[in-house]
Amino acid sequence: DAIYADKSPNKFNYVEKYKYALSLSGLQDLTAGTSIVATWDDHEIDDNWSWSSQGIQAQFDEALLAFRDHLPQRQGPSPDQLWRKLSWGDALDIFVLDCRGERKGGEYISAAQMDWLKQELTASGAVFKVIMTSVPIFDFSGTLIGSISADDRWQGYPGQRNEILQHIRDQAINGVLWISGDVHFGAIAQVDKDGGPGDDQWEIIAGPAGSLINPASFFLQNKRLPVVQSIWNWVLVE
């Protein structure tokens, strides 16, 4: 959600949204001070858009072009895909996922993206493997949020969610950390309840830096969410 492009069905409007966002002093300081690895979620196109929406392909193409023009990216396995891996020697691999653009046929991500992620995680020799997902993989069952909007995150796609978490466990892949956003609060989260395939994996939920805070965050802190930030926030991983 780098921009809120809702109801902006052509490139001119998308471009103007990026120009405005990137002209803000805070974002200018950020882009001047560090590199950016970007992925997208729904608001780069439209709020909770889907492939069943009329005229969505043209809207998708315009939004993707504007996104790449303003937040340039290294090419992934295919020029038509956003998912990719960035490596810093033996220390760090970052796996950038597209958890929005491939939601088709009941899948959260495409089979091709899932196969790529599993293969690259298994092959990675990096000490740390950061998986960048726009919406949390944390299971909110048993919290105030529960199943609300579960179809907008991994929790609503239990088959694929279990597939990747179980793969990480079965292959004994160490050093995995999930990083996500979207839910409008910050947190450190145990991905699964005790006994689940991801109960030894952790996720950092970061942001928002400027959007409204989710009021549910004031009531979420518990054993699986030992840290919850109910203020505007950013995160430094050291």
Side-chain angles (χ1 to χ4, degrees), residues 1-5 11 14-45 60-102 109 113 116-117 119-121 123-137 173-189 201-211 229 231-238:
D1 300 330
I3 58 171
Y4 277 72
K11 186 184 179 185
Y14 287 126
V15 168
E16 290 304 309
K17 292 278 189 178
Y18 280 106
K19 283 183 177 179
Y20 173 72
L22 293 171
S23 73
L24 299 173
S25 59
L27 278 176
Q28 286 188 335
D29 291 344
L30 179 67
T31 55
T34 187
S35 58
I36 290 179
V37 178
T39 190
W40 67 1
D41 198 42
D42 55 339
H43 291 288
E44 281 82 6
I45 299 179
F60 177 94
D61 294 342
E62 296 283 8
L64 180 59
L65 184 59
F67 176 58
R68 284 178 159 161
D69 280 350
H70 291 83
L71 294 169
Q73 299 129 31
R74 296 184 190 182
Q75 184 172 308
S78 164
D80 298 327
Q81 295 154 346
L82 285 175
W83 36 277
R84 59 202 186 276
K85 182 183 79 169
L86 292 87
S87 296
W88 282 261
D90 294 332
L92 172 67
D93 282 340
I94 293 181
F95 301 89
V96 184
L97 305 188
D98 177 2
C99 294
R100 181 61 64 170
E102 297 186 343
I109 61 176
Q113 184 176 176
W116 165 84
L117 178 60
Q119 292 167 8
E120 291 290 344
L121 279 170
S124 174
V127 176
F128 299 106
K129 305 161 188 71
V130 172
I131 305 175
M132 183 174 153
T133 172
S134 58
V135 183
I137 197 167
I173 301 172
N174 297 316
V176 171
L177 179 68
W178 296 83
I179 291 186
S180 64
D182 181 68
V183 291
H184 292 224
F185 60 84
I188 296 175
Q201 298 176 44
W202 288 85
E203 178 170 39
I204 293 176
I205 302 171
S211 304
Q229 286 285 359
I231 58 175
W232 290 287
N233 67 88
W234 53 273
V235 62
L236 173 66
V237 181
E238 185 174 356

Residue pair L97 / T39: nearest heavy atoms and the distance that separates them: O-OG1, 2.8 Å
Step-by-step side-chain contact (heavy atoms from CB on, under 4.5 Å) determination, H70 to V15: CA-CA 8 Å; H70 291 83; V15 168; 4.0 Å; yes
Main-chain N/O of S180 paired with T133 side-chain donor or acceptor, under 3.5 Å: no
Which heavy atom of V235 sits nearest to which heavy atom of A206, and what is that distance? CG1-CB, 3.6 Å
Correct closest heavy-atom pair for P136 and G181 would be CD-O, 3.3 Å
Mind checking the CH2-CD1 spacing from W178 to I205? Nearest 0.5 Å is all I need. 12.5 Å
Judged by atom type as modelled, is there a donor-acceptor pair below 3.5 Å linking the side chain of N233 to the main-chain atoms of G207? yes
If I take atom CZ from residue F67 and atom CG from residue L82, how far apart are they, to the nearest 0.5 angstrom? 6.0 Å
Above 12 or not: heavy atoms from other molecules or residues under 6.0 Å from CG of D69? yes
Heavy-atom donor-acceptor pair, E44 side chain to A63 backbone, under 3.5 Å: no
Okay, side chain of E203, backbone of I179: is any donor-acceptor separation there less than 3.5 Å? no
Could you walk me through whether L65 and D61 pass the side-chain contact (heavy atoms from CB on, under 4.5 Å) test, one step at a time? CA-CA 6 Å; L65 184 59; D61 294 342; over 6 Å; no
In Å and rounded to the nearest 0.5 Å, what is the CD1 to CG distance from I109 to D98? 9.0 Å
Which heavy-atom pair separates F185 from P208 by the least distance, and what is that distance? N-CD, 3.6 Å
Check the pair D42, D1 against side-chain contact (heavy atoms from CB on, under 4.5 Å), reporting the backbone distance first and the verdict last. CA-CA 7 Å; D42 55 339; D1 300 330; 3.1 Å; yes
Apply the test ring pair (Phe, Tyr, Trp, His ring centres under 6.0 Å) to residues W40 and F60: give CA-CA distance (whole Å), side-chain angles for both, the deciding distance (0.1 Å), then the verdict. CA-CA 12 Å; W40 67 1; F60 177 94; 5.4 Å; yes
Going by atom types alone, do Q81 and W116 pair a side-chain donor with an acceptor below 3.5 Å? no
What's the separation between atom CG in D93 and atom CH2 in W88, rounded to the nearest 0.5 Å? 9.0 Å
Are W83 and L117 close enough, and set up right, to give a side-chain contact (heavy atoms from CB on, under 4.5 Å), and what steps lead you there? CA-CA 9 Å; W83 36 277; L117 178 60; over 6 Å; no
Nearest heavy-atom pair of Y4 and S211: which atoms, and what distance? OH-OG, 3.4 Å
Hey, what do you get for OH (Y18) to CD1 (I3), rounding to the nearest 0.5 Å? 4.0 Å
Only residue of R84, K85, K129 satisfying salt bridge (Lys or Arg N to Asp or Glu O under 4.0 Å) with E120 is K85
Given 3.5 Å as the limit, does a donor-acceptor pair link the side chain of D41 with the main chain of S134, or not? no
Looking only at heavy atoms, which two atoms of V96 and L86 are closest? And how far apart? CG2-CD1, 3.7 Å
Interatomic spacing from CD in Q201 to CD1 in I131 - rounded to 0.5 Å: 7.0 Å
Tell me if the CH2 atom of W202 is crowded by more than 12 foreign heavy atoms within 6.0 Å. yes
